[in-house]
A.B. asks: 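This is the structure I want to talk about, given as C-alpha cells.
Chain A is the first sequence line, chain B the second, and so forth, proteins listed ahead of strands; every chain is numbered from 1.
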Amino acid sequence: AQSVTQLGSHVSVSEGALVLLRCNYSSSVPPYLFWYVQYPNQGLQLLLKYTSAATLVKGINGFEAEFKKSETSFHLTKPSAHMSDAAEYFCAVSASNTGFQKLVFGTGTRLLVSP
Amino acid sequence: DSGVTQTPKHLITATGQRVTLRCSPRSGDLSVYWYQQSLDQGLQFLIQYYNGEERAKGNILERFSAQQFPDLHSELNLSSLELGDSALYFCASSVNERTPAQYFGPGTRLTVL
C-alpha cells in the first residue's frame, strides 16, 4: 500500500523567502508523485508531477520538487514566496501494477505568507 | 480551469435524503475518479470508472454509488444521507486508466442538515 506523510500542517514564511514543504512517501512499487494546490473554496490544481523521468521536476508558478529515492522524499520548493502562494498544498502518490492509478493524499500543508 | 466541470457547486439537504452529483471530464479523458474531502478524513478516493466500466473502489460506502455514461459524464449518487456525509466531493479525470496525472474539478460542497 502507498502512503504519504506531509511534515507540518502549517508553514509560515515571509514574502520573498524560500518556501519548503516536505513530503515523504511509502510505496512498494516505483511511485508517481504529485503536488496539488488548493486555494480557498476551490478545487485542486496540479502543480507538478514526477513520473519516473527527470528527478528534478519543475511546475507552475515557480515551484519545483526533487524526487529522492534514497530518502523517499519529494519536497516542494520555491525560491521566493509571493502573497498569492498562500494556499493548502497536498502531496500525493500513485503506484499500481494493476493498471488503475488512484491517488493517495497527504493531510496537506497550509502555507501562510506574511508581507 | 482544469476543464473538468461539476454540478451543482453547493448542495444543502436533510438527513435521509438522496442526492446526485454530476461530473463532466476533460475533453478526451476516458477515466473518471471521485474523491471525498472532509475535515476528519482528508482526501479519500471513492471510486474510478474507465470508459463506462467500474475499475476500482476505495472507501466508498454502500449507500453511495456511481456510474459513467456513454458520453463519459459521471454521476455520484448518495442516499440515506447522514450528517457525516457533509463534505466536498471532487471529480477528477485522466486520459486513460494508466495515466497517473489527474485533473480535478471545482468540487461540490454537500451539507447535510
A.B. asks: Report, by ascending residue number, the residues of residues 63-80 of chain A in heavy-atom contact with chain B at a distance under 4.5 Å; give 'none' if the set is empty.
C.D. replies: none
A.B. asks: Can you get from Phe104(B) to Trp34(B) by hopping between Ile, Leu, Val, Met, Phe, Trp and Tyr side chains that sit under 4.5 Å apart?
C.D. replies: no
A.B. asks: Rounded at 0.5 Å granularity, tell me how far CD in Gln41(B) sits from OG1 in Thr107(A).
C.D. replies: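 Here the rounded value is 12.5 Å.
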A.B. asks: Give a yes or no on this: more than 12 heavy atoms of other residues, nucleotides or ligands lie within 6.0 Å of atom CG of Leu113(B).
C.D. replies: yes
A.B. asks: Other residues, nucleotides and ligands only: do more than 12 of their heavy atoms fall within 6.0 Å of CZ on Arg26(B)?
C.D. replies: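 Above 12, so yes.
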A.B. asks: For residues Val19(A) and Leu46(A): do they belong to one hydrophobic cluster (side chain heavy atoms under 4.5 Å, members Ile, Leu, Val, Met, Phe, Trp, Tyr)?
C.D. replies: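 Val19(A) does not cluster with Leu46(A).
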A.B. asks: Same cluster for Leu61(B) and Leu21(B) if Ile/Leu/Val/Met/Phe/Trp/Tyr side chains link at under 4.5 Å?
C.D. replies: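 Linked within one cluster.
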A.B. asks: Does Tyr33(B) share a hydrophobic cluster with Leu110(B), counting links as ILVMFWY side-chain heavy atoms below 4.5 Å and allowing steps through other members?
C.D. replies: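 Hydrophobic grouping puts Tyr33(B) apart from Leu110(B).
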A.B. asks: Could you tell me if the ring centre of Phe105(A) sits under 6.0 Å from that of Phe45(B)?
C.D. replies: no
A.B. asks: State whether the number of non-hydrogen atoms from other residues, nucleotides or ligands found under 6.0 Å of Asn41(A) atom CG is greater than 12.
C.D. replies: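 Check fails, neighbour count at 12 or below.
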A.B. asks: Enumerate the disulfide bond (SG atoms under 2.5 Å apart) contacts for residues 7-100 of chain B, please, sequence neighbours excluded, ordered by first and then second residue.
C.D. replies: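 The answer is Cys23(B)-Cys91(B).
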A.B. asks: Would you check if Lys102(A) and Gln102(B) make a side-chain contact, meaning some heavy-atom pair closer than 4.5 Å?
C.D. replies: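 Heavy-atom side-chain distance check fails, nothing below 4.5 Å.
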A.B. asks: Any link between Phe90(A) and Tyr25(A) through a network of hydrophobic side chains (Ile, Leu, Val, Met, Phe, Trp, Tyr) touching at under 4.5 Å?
C.D. replies: no
A.B. asks: Quick one: does Leu44(A)'s side chain get under 4.5 Å of Leu43(B)'s, heavy atoms only?
C.D. replies: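 Of all side-chain heavy-atom pairs linking Leu43(B) with Leu44(A), at least one is under 4.5 Å.
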A.B. asks: If I measure from the heavy atoms of chain A, does Gln37(B) come under 4.5 Å with its side chain, its backbone, both, or neither?
C.D. replies: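 Answer is side chain: those atoms of Gln37(B) sit under 4.5 Å from chain A.
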A.B. asks: Closer than 3.5 angstrom, by distance alone: can the side chain of Tyr35(B) be matched with the main-chain N or O of Leu103(A) as a donor-acceptor pair?
C.D. replies: yes
A.B. asks: Compare all side-chain heavy atoms of Phe90(B) with those of Gln38(A) and state whether any distance is below 4.5 angstrom.
C.D. replies: yes
